[in-house]
Trainee: 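This is the structure I want to talk about, given as structure tokens.
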Amino acid sequence: MRYGMVIDTELCAGCNACAVACKINNNLPKEVWWNSVVTEGGATRDTASGEWPNNSMRFFPKACQHCRKPLCVAQCSTGATYVADDGTVQIDAEKCDGCGACIEACPYDVRVLVQNDPEYYQEVALGQWDAPKHSAGKVGKCTLCANIRERGGDPACVKACNLHARVFGDLDDPESEVSRILASGEREYMRLLEEESTEPNVYYLM
Amino acid sequence: MAKRIIHKIGGHMVSEMLTTAASSGITRRGFIKGAAATSALVAAGTSVGCAPQQENGQVDTNQPPEEHHYINSCHGNCSRNCAWDITVRDGYIVNCAPYEYEDDPEALHRGGCWKGFLNINRIYDANRLKYPMKRINSKEEEPQWEQISWDEAIDLLGSKWKGIVDEVGPTGFAMYHTYGSTAMLSGQAGSCWTKLVNATGASEILTGGDMATIRAMQLDSALSCSSAPETMLDASAIIFWGCNAAETQWLFWRHACEARRQHGCKIITIDPNSTITAIHSDQHIVIKPATDGALALAVLNQIFENGLQDDDFMRSRTCAPYLVKEDGTLLRAIDLGEPAPENGAQSPVYAWNEVEGKAVPVGPESDSTVFSLSGSHNVGDFAVKTALDALKERASLYSLERAEEITGISADVIIELAKVCASSETVLIKTNGFAHYANSYQVTLGMDAIRMVTGNFGKPGLSNRYVYGSGPVNAEWVNVGKPGPSVPDAQLLHVMETGELGGAKIPIKGMLTYAGNVIGGTADRIAMEDALKKLDFLCVVEIRMTDTCKYADLLLPACHWWERNDVMSAGNYTPYTRIAEKAADPQFESLPDWEICQKIAQKLDLGEYFQGSDVDQLNAMLDCDANRELGCTYGDLQEKKAVRVFENNYSLPADGVSSGENGRWNFFIDRPTPYGNWDVTLNPQDFNLPDFVENAEVLESHPLAQKYPLIFMTPHTKYGTQTTFHHAEFLHELLPEPEIHVNPADAEKRGVADGEYMRLFNDRSEVVARAKFDQGIMPGVLVMYHGWAEEYFKKGHYQRLSSFDNTDLCSNNAAYFDVRVEAEPYEEE
């Protein structure tokens, strides 16, 4: 079993629906995002490269890549971060001592250390009733919504995408939609930072 | 599908990702910025604390707490009004997810978007209006408020309203909305507010937002032609003309991409800038702003020159054979001395019968095979020609050379575009970026004409509006009287200054605004501010503090959409009528719109029309034969939550017959009347045909072009719907403040660096915001996302830079983009 995600960057408009669904479902504190949209184009968000009118711009929603060869796991000194049986990379918060080695190691910049006591805009906890806890000195990241999946659902970002640009499934199952899309040869695809040899389980259709 | 090169993202991408991450406040160590605690907003009045809470406010995860799910929708006017599945714990709204309909396993109709999620922020917004508030200082100063009770507030409003009615009559009080809310009972149209307008006979202020397209489509009968969005899946070509679909019409973008994947549909975008839509299209046609009229006419000219029109369709289904007089109006029987029809119907128009060699009146059942499509004749005292001849003559003025000079688009591109436009396998989407200039009304006529003359109108899948029809309602519910006169908002200041419009006395002294942020969402903020300040009394009904609130004498707190019961009617892009369930109690002392109207009506001695609860109203509003047959009464909705009103691929009209005169589609508008029906003399020649009117401020030929060489656009984007969501904290974590996208060449020429504050100014006003270098912006153009309130700007506000001078008298269009400015680095004083 190896869960992964296929994201269609032809459809993606970089709207952040997936990012905010993640933020709400996981009750993330102020300024913390586990999923964010990267603009490939100009120097800043939502800008194009090239010279008008010959421009390029593409959006890459980016969260934990759930690598098959995760550099964070290799560097974690406490064993807090690990590869689960379903192929996803998870963090056992109790074991995390906030040393930040995993953050230095991860080339995708998708792990977040909560430095101070988490703050929120409202007093009630948002999101799933069993959303991950957040505390100062702990690292958190995308879990591919392990809690929702336990209940038979998909990660929140999948249904959140109104452009239907995300597909989630088991890459080890040849009948799954993610496997079918990648095997069909109908679309070119890529992964981020192949040269880092992390073998991500997140694929981007071009 | 053409093969594409597999991208490799290398080191550049890594540093770019870091840059992006850093600019969003997250460093590699997840550093949390700022500990400034904005006050959390949790209302009293709901049961608190059933879920086991830890000290830091997070739920004890050892046992699942009780949760309830409710179905509601986004009530914003984005055309989609997506249904949401809302999660409530302990009476608090804590989560939402896009709703999936039971009969829709492919999730065709599942929507939701980034903005819908932001409703969570809106519910807990620290700046929600919590209580009625009375202004205690002058409107020349920043407002100061005194909290008062609902009774005091309604007493105040009632006494002011009655006082005005006693003094000058019911039209002395006006009601004004924009497009802020689309729910059946609480929203902008056909709602409790509409009922109050009708009951009181109040004057109605009409928004100019999108009116160039709407008025043109009212007059050319295109509003009775529509096709469900998914019908575009069959298209061979989809043209997004002035539409950044991937951001603002995402359903169309989703369908366009699928059509391309399935069968190679070609996606064409016409836009001055390289939007994400344009960049991901197969063809991006760059056009100079406000020249779309010339392009439409050049396309029409190519269609006629190459015989691409559908003569049979034009003869039988359009105004093409109608006879036009030299004054630009149609020949009608009354012109020839016939009496006007007794039943109030229109005096018949005429066509030339080729067989009998004479002009004959046209009726819905006429045999059109004998009608001439071309030819000049004398009928009575009049020299006439066909409407088609008039259109062809107009189009012939736009040769390829002339069109290229005006639009910047080359001849070969125009020729090819004309062929694509003529095809019955092409879908033309015109929503709505071309429509914010002084000359946009005539552009709409041109775009519709292109489809009418080629026979691509009123047929399944062929329309210029890709929407479902409207769900049935009991239209009688709202009919409790008649509204007062209409005042297009471009004329509001004139009315406030003179007390009249078109010779009719309209002595407005008081106003109530609802379902919209009229200051934030309207052009010419300077005129609007002047007008509002001239009122003796302004009451603003709102969910949170907005720019409009600043001019109020009284603020009434409306509850959030998800804190009240309502229904979302099928229509626009959703084929289901669905219940909008109250998911949580209104916070603080905010009230549902129905209850507010009820209180006001009772105070105005109109309580008889406002009896009962919200549920009573919803029962009544849905009570009609059509809904009983559909199984879509309110009782049905309470049980079923959503009822499908339209099947997929629904197209109107079923029989191809227009709801217009004689069942025909009109590219020629006879005796055009103004939106709001006020007494203004319109020259028929100005508004009767597609045209390129060389009056827009942003055109190169405009007198202001030298002094203010930059064109300033404020489009809709993925980040917001009008001004509704721009206060959301989650948005501010990504976009901390407004930005002005500028081509680097324009900025560098003026000594402005990327990210530095830039001042835009013209003769009317100024605005200061951060410059954002963007190579995708057409040189000479500036783009700022619309929706930011004044408080977020370093200085000024963008709506003060636009002007009602750039409206057209027929449509009252708000010319948001018709703005010229100059730019310079901003120096702090």
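Keep in mind that this is a model prediction, so the values were computed, not measured. Residue numbering restarts at 1 for every chain, and letters A, B, ... go by the order of the sequence lines.
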Trainee: Contact part of D754(B) toward chain A, heavy-atom cut-off under 4.5 Å: side chain, backbone, both or neither?
Mentor: side chain
Trainee: Find the one option among A246(B), P98(B), A97(B) whose heavy-atom pairs under 4.5 Å with chain A are most numerous.
Mentor: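 Max contact count across the listed options: P98(B).
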Trainee: Find the distance between OG1 (T275(B)) and CE (M57(A)) and round it off to the nearest 0.5 Å.
Mentor: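 Going from OG1 on T275(B) over to CE on M57(A), the span is 7.0 Å.
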Trainee: Supply the atom-to-atom distance W253(B) CH2 to E10(A) CD, rounded to the nearest 0.5 angstrom.
Mentor: 6.5 Å
Trainee: So which residue, R80(B), H741(B), R110(B), ends up with the most heavy-atom pairs under 4.5 Å with chain A?
Mentor: R110(B)
Trainee: Between A17(A), S56(A), A13(A), G127(A), which has the largest tally of heavy atom pairs under 4.5 Å with chain B?
Mentor: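 The candidate making the most pairs under 4.5 Å is G127(A).
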Trainee: Check each atom of I93(B) against the heavy atoms of chain A and say whether the ones under 4.5 Å are side chain, backbone, both or neither.
Mentor: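 Contact with chain A is through the backbone of I93(B) alone.
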Trainee: How long is the straight-line distance from CH2 of W250(B) back to SG of C12(A), given to the nearest 0.5 Å?
Mentor: 14.0 Å
Trainee: Using non-hydrogen atoms and a 4.5 Å limit, figure out which bit of E67(B) sits close to chain A: side chain, backbone, both or neither.
Mentor: side chain
Trainee: Does any heavy atom of chain A fall under 4.5 Å from the side chain of I279(B), the backbone, both, or neither of them?
Mentor: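 Only the side chain of I279(B) comes within 4.5 Å of chain A.
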Trainee: Which residues in residues 47-55 of chain A have any heavy atom closer than 4.5 Å to a heavy atom of chain B?
Mentor: T47(A), A48(A), S49(A), G50(A), E51(A), W52(A), P53(A), N55(A)
Trainee: Within a strict 4.5 Å, meaning less than it, do heavy atoms of the E739(B) and R45(A) side chains meet?
Mentor: yes
Trainee: Could you give the distance from OH (Y92(B)) to CD (E123(A)), rounded to the nearest 0.5 Å?
Mentor: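 These two atoms lie 7.5 Å from each other.
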Trainee: Please look at Y204(A) and chain B and tell me whether the side chain, the backbone, both or neither of the residue comes under 4.5 angstrom of a heavy atom of that chain.
Mentor: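 Y204(A) has no heavy atom closer than 4.5 Å to chain B.
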Trainee: D46(A) and Y719(B): side-chain donor and acceptor closer than 3.5 Å?
Mentor: yes
Trainee: Taking T44(A)'s backbone N and O only, do any of them form a donor-acceptor pair with K772(B)'s side chain (distance below 3.5 Å, no angle check)?
Mentor: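 Not confirmed, K772(B) side chain does not pair with T44(A) backbone.
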Trainee: Measure the CG-SG distance between L126(A) and C96(B) for me, rounded to the nearest 0.5 Å.
Mentor: 9.5 Å
Trainee: Would you check if R261(B) and L11(A) make a side-chain contact, meaning some heavy-atom pair closer than 4.5 Å?
Mentor: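 With C-beta onward as the side chain, the pair touches.
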Trainee: Between P272(B) and chain A, with a heavy-atom cut-off of 4.5 Å, which part of the residue counts as in contact: side chain, backbone, both or neither?
Mentor: backbone
Trainee: Tell me, do W129(A) and T87(B) make a side-chain contact under 4.5 Å, heavy atoms counted?
Mentor: no
Trainee: Find out whether N95(B) and I24(A) are in side-chain contact, i.e. whether some heavy atom of one side chain is under 4.5 Å from a heavy atom of the other.
Mentor: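 Of all side-chain heavy-atom pairs linking I24(A) with N95(B), at least one is under 4.5 Å.
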Trainee: Is chain A contacted by the side chain of I777(B), its backbone, both, or neither, given a heavy-atom distance below 4.5 Å?
Mentor: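 Only the backbone of I777(B) comes within 4.5 Å of chain A.
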Trainee: Flag the one option from N244(B), N121(B), V286(B) with the top tally of heavy-atom pairs under 4.5 Å to chain A.
Mentor: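 Of the options given, most contacts go to V286(B).
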Trainee: Could you verify whether a donor N or O on one side chain and an acceptor N or O on the other, from E729(B) and Y120(A), lie under 3.5 Å apart?
Mentor: no
Trainee: Please classify the contact between K159(A) and chain B as side chain, backbone, both or neither, with a heavy-atom cut-off of under 4.5 Å.
Mentor: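 Both the backbone and the side chain of K159(A) come within 4.5 Å of chain B.
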Trainee: If every non-hydrogen atom of F730(B) is compared with every non-hydrogen atom of W33(A), which pair is closest and at what distance?
Mentor: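 So the two residues come closest at O-CZ2, 3.6 Å.
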Trainee: Evaluate side chain to side chain contact (heavy atoms under 4.5 Å, CB included) for D90(B) paired with V124(A), printing each intermediate quantity in order.
Mentor: CA-CA 9 Å; D90(B) 299 332; V124(A) 293; over 6 Å; no
Trainee: Mark yes or no for whether R58(A), through its side chain, and H280(B), through its backbone, hold a donor-acceptor pair below 3.5 Å.
Mentor: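 Checking the backbone N and O of H280(B) against the side chain of R58(A), no donor-acceptor pair under 3.5 Å is found.
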Trainee: Measure A256(B) against the heavy atoms of chain A and call it side chain, backbone, both or neither at under 4.5 Å.
Mentor: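 For A256(B), there is no contact with chain A at all, as no heavy atom is under 4.5 Å.
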Trainee: With a strict 4.5 Å heavy-atom criterion, list every residue of residues 161-168 of chain A that contacts chain B, or say none.
Mentor: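 Within residues 161-168 of chain A, the residues under 4.5 Å from chain B are C161(A), N162(A), L163(A), H164(A).
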Trainee: Select one option (side chain, backbone, both, neither) describing which atoms of Y99(B) are under 4.5 Å from chain A's heavy atoms.
Mentor: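 Y99(B) has no heavy atom closer than 4.5 Å to chain A.
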